[in-house]
Q: 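This structure is in structure tokens; I'll ask about it shortly.
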Number of protein chains: 2
Amino acid sequence: MKQYDLETLRSSVLFQDVPLVLLDQLITHGSKRRLARGETLFVQGDKALCLYVVLDGWVKLSRLKQSGEDIVVAVYTKGESFGEAAALMGGIYPVTVEAAEDSIVYQVSAKNISEAIRTNPDLAMAMLAATFRHNHELVLEIEDIKGHTAAQRLATFLVALAPVTHGPCSFALPYDKGLIAARLGMKPESLSRSFANLRANGVTVQRGNVTVNDLDTLKALINAERGPKQKPIPHT
Amino acid sequence: MKQYDLETLRSSVLFQDVPLVLLDQLITHGSKRRLARGETLFVQGDKALCLYVVLDGWVKLSRLKQSGEDIVVAVYTKGESFGEAAALMGGIYPVTVEAAEDSIVYQVSAKNISEAIRTNPDLAMAMLAATFRHNHELVLEIEDIKGHTAAQRLATFLVALAPVTHGPCSFALPYDKGLIAARLGMKPESLSRSFANLRANGVTVQRGNVTVNDLDTLKALINAERGPKQKPIPHT
DNA sequence: CGGCTTGTTGATCCCCGTCAATGCCGGTGG
DNA sequence: CCACCGGCATTGACGGGGATCAACAAGCCG
């Protein structure tokens, strides 16, 4: 286990509140796992034996609907975790997980964790905290879907992705536009049109690279009432 | 504390996995609280000191958006709980809670619970289980919003509300249609039209009383591909 | 009775999904 | 080296679902 990965684990959402000594002891039972882009980690319905922390890359969580299509529940990257619920309760995974890019995940047996929880209340509180955070994210997501247009949701996504919080910036999109669209609950065509709308607000895209003239303009857009229709500006 | 309320607490989502002796000891520190319809329990931003279990009635959880309107996050009834996250983490409530009907809630100080968690791992596991369940509900809700029409969401709501699982039935709507609409993420006008659509599938409404000819017909509707437009049938 | 709230209905608009055509890019094989 | 091809992104045309605005009916309570 490299020092760098240790740092990632220590600052992960799941483990950030766990005392260091306890954590170091916990993760001796885990193992690193590499995933090639497109590789499946587990599928919906599998018996849940492990929980995971993303060390690098991006992984996609999706649910298979009866109608056949699958909908994207979340896309996680470095420091985020998944599978805690199913694994600790000894159930089955409610989602399918696959790598959206070449990725590395850290895998911990649920049995070890749940034993540790029983003997260490701090760990229990830390796990509760992590779950509550997940919970809060979901509530925000519901709020987002119910009250925003596609362009506003895209703006939210970009703001979260930006390396700074104010002024101009430029960064790369982490994965395919198709997956971004699914993550935002829309079709690729709508994503394209949303980008076109944002062009009028100082957002340009060139081959997976985004440039934002002013992040505050974007933030204002998110909270704005559905503004008057704006003309999309043609590509390039 | 009446025997009846004790039963409700013991079978509540939050406490159902907690050993009886421990639970009985826990709730000696709590208190019952009556809410008149429309009364506010706490508002978004309040310091979170207690968590709550609904003993009777219906309470509404909503979030105030910057744009002024508030959106309904959830509506809870007997046996459901809220405020665990904020209270245990010592934060502030992220939502406003008010009674949608005359209601009774059970109020437990977070300090007592978190002390109990530290000394009793079973309680920790039970709380984790409750939170995970809550989590799963939220995921289902997201799935519901993303993939269903207004009429399908209404059908889901009615099926969950029905006192039986098959065949015909009749029951009362628990609260205002306006709130039902908000709960389902739509406007009152749309709810009205959704009811009109369901009339063709054996659903009639008369002053807050719903009659369903066949619940299985409704369930089939929920999973159906977006069927061909059906003519709404006029009211009465 | 007359105001007030709540629910229904109609007309219209806008966002987004669908279907289809085109353009851009990377990879493959002659 | 370049022609060809398949996948992804963009753009246009069209339709449907729900929001909005407005009118109206039905209870409720003074």
Side-chain angles (χ1 to χ4, degrees), chain A residues 37-38 65 67-69 71 100-101 144-155 172-173 175-182 184-200 203-210 221 224-236, chain B residues 37-38 65 67 69 71 100-101 144-155 172-199 203-210 221 224-236:
Chain A
R37 174 185 164 138
K65 282 193 59 185
S67 54
E69 47 167 1
I71 76 158
E101 297 295 333
D144 195 37
I145 295 175
K146 279 188 179 174
H148 293 71
T149 68
Q152 286 175 317
R153 293 204 300 277
L154 174 56
L173 294 175
Y175 38 84
D176 297 359
K177 291 196 179 174
L179 181 52
I180 295 177
L184 296 175
M186 64 182 91
K187 297 290 159 183
E189 298 93 323
S190 291
L191 179 64
S192 222
R193 292 183 173 107
S194 297
F195 269 121
N197 286 337
L198 292 188
R199 250 171 245 140
V203 176
T204 55
V205 187
Q206 205 97 20
R207 294 256 302 109
N209 283 313
V210 182
L221 233 178
E225 297 294 317
R226 332 206 135 200
K229 49 182 175 191
Q230 2 198 50
K231 284 278 165 52
I233 299 177
H235 192 236
T236 65
Chain B
R37 174 186 163 140
K65 281 191 58 185
S67 54
E69 46 167 2
I71 76 155
E101 297 294 332
D144 193 38
I145 295 174
K146 281 189 179 172
H148 293 70
T149 67
Q152 286 175 317
R153 293 204 299 278
L154 173 57
L173 294 174
Y175 38 84
D176 298 357
K177 291 195 179 173
L179 181 52
I180 294 177
R183 163 65 236 282
L184 295 176
M186 65 181 93
K187 297 290 161 183
E189 298 94 320
S190 292
L191 179 65
S192 221
R193 293 187 170 102
S194 297
F195 268 120
N197 286 336
L198 292 188
R199 250 171 243 139
V203 176
T204 55
V205 187
Q206 205 96 21
R207 293 255 299 108
N209 283 311
V210 181
L221 232 177
E225 296 296 314
R226 332 207 137 199
K229 51 183 175 189
Q230 353 200 59
K231 281 278 162 54
I233 298 176
H235 193 235
T236 66

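Residue numbering restarts at 1 for every chain, and letters A, B, ... go by the order of the sequence lines.
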Q: Please check the phosphate of C:dC16 (OP1 and OP2 only) for any side-chain N or O of A:Ser190 closer than 4.0 Å.
A: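 Looking at the OP1 and OP2 atoms of C:dC16, neither is under 4.0 Å from any side-chain N or O of A:Ser190.
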Q: What is the separation between atom CG on B:Leu184 and atom C1' on D:dA19, rounded to the nearest whole Å?
A: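 Result: 16 Å.
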Q: Grab the CZ-C1' distance between A:Arg153 and C:dC15 for me, whole Å please.
A: 10 Å
Q: Please report, rounded to the nearest Å, how far the C1' atom of D:dG16 is from the NE2 atom of B:His148.
A: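 The answer, rounded to whole Å, is 18 Å.
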Q: List the steps, then state whether side chain to side chain contact (heavy atoms under 4.5 Å, CB included) holds for A:Leu221 with A:Leu198.
A: CA-CA 9 Å; A:Leu221 233 178; A:Leu198 292 188; 3.7 Å; yes
Q: Choosing from D:dT11, C:dG7, C:dT9, which nucleotide comes nearest the side chain of B:Asp176?
A: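 My answer, after comparing the listed nucleotides, is C:dG7.
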Q: Can you tell me which nucleotide in C:dT9, C:dC19, C:dT8 comes closest to the side chain of A:Glu189?
A: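 Closest nucleotide to the A:Glu189 side chain: C:dC19.
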Q: Whole angstroms only, please: what is the CZ-C1' distance between B:Phe195 and C:dT8?
A: 12 Å
Q: Base, sugar-phosphate alone, or nothing: which one does B:Gly208 contact when heavy atoms must sit under 4.0 Å apart?
A: nothing
Q: May I ask you to verify whether the side chain of B:Arg193 and the base of C:dG10 hold a donor-acceptor pair under 3.5 Å?
A: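 When only heavy-atom distances are counted, B:Arg193 does reach the base of C:dG10 through a donor-acceptor pair under 3.5 Å.
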Q: Which heavy atom of B:Phe195 sits nearest to which heavy atom of B:Lys177, and what is that distance?
A: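 Looking at all heavy atoms of both residues, the shortest contact is CE1-CE, 4.4 Å.
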Q: Which residue lies toward the 5' end of DNA chain C, B:Leu191 or A:Ala150, if each is placed at its nearest nucleotide?
A: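 It is B:Leu191, whose closest nucleotide lies nearer the 5' terminus.
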Q: In whole angstrom, what separates A:Gln206's CD from C:dC24's C1'?
A: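 The distance from CD of A:Gln206 to C1' of C:dC24 comes to 12 Å, rounded to the nearest Å.
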Q: Can you list everything that forms a side chain to side chain donor-acceptor pair (under 3.5 Å) with B:Arg153? Sequence neighbours excluded, please.
A: none
Q: Ignoring hydrogens, what is the shortest heavy-atom contact between B:Lys146 and A:Ile145? Give both atom names and the distance.
A: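 Of all heavy-atom pairs spanning B:Lys146 and A:Ile145, the closest is CE-CD1, 3.6 Å.
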Q: Between atom CZ in B:Arg199 and atom C1' in C:dT9, what is the gap in whole Å?
A: 10 Å
Q: Between C:dC14 atom C1' and A:Met186 atom CE, what is the distance in whole Å?
A: 16 Å
Q: Shortest non-hydrogen contact from B:Ser194 to B:Met186?
A: OG-SD, 4.1 Å
Q: For B:Leu179 and C:dT6, what is the distance between atoms CG and C1' respectively, to the nearest whole Å?
A: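 So the CG-C1' distance, B:Leu179 to C:dT6, works out to 14 Å.
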Q: Counting only side-chain nitrogens and oxygens, does B:Lys187 get under 4.0 Å of the OP1 or OP2 atom of D:dC21?
A: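 So the side chain of B:Lys187 is outside the cut-off, no N or O lying under 4.0 Å from OP1 or OP2 of D:dC21.
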Q: For nucleotides 28-30 of chain D, print each protein N/O atom paired with a nucleotide N/O atom at under 3.5 Å, atom names and distance only.
A:
unit_1: D:dC28; atom_1: OP1; unit_2: B:Arg207; atom_2: NH2; d: 3.3

Q: Just do the side chain to side chain contact (heavy atoms under 4.5 Å, CB included) check on B:Arg37 and B:Asp176 with the steps written out, would you?
A: CA-CA 11 Å; B:Arg37 174 186 163 140; B:Asp176 298 357; 3.1 Å; yes
Q: At what distance, to the nearest 0.5 angstrom, does CD1 of A:Ile180 lie from CG of A:Leu154?
A: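 So the gap between those two atoms works out to 8.0 Å.
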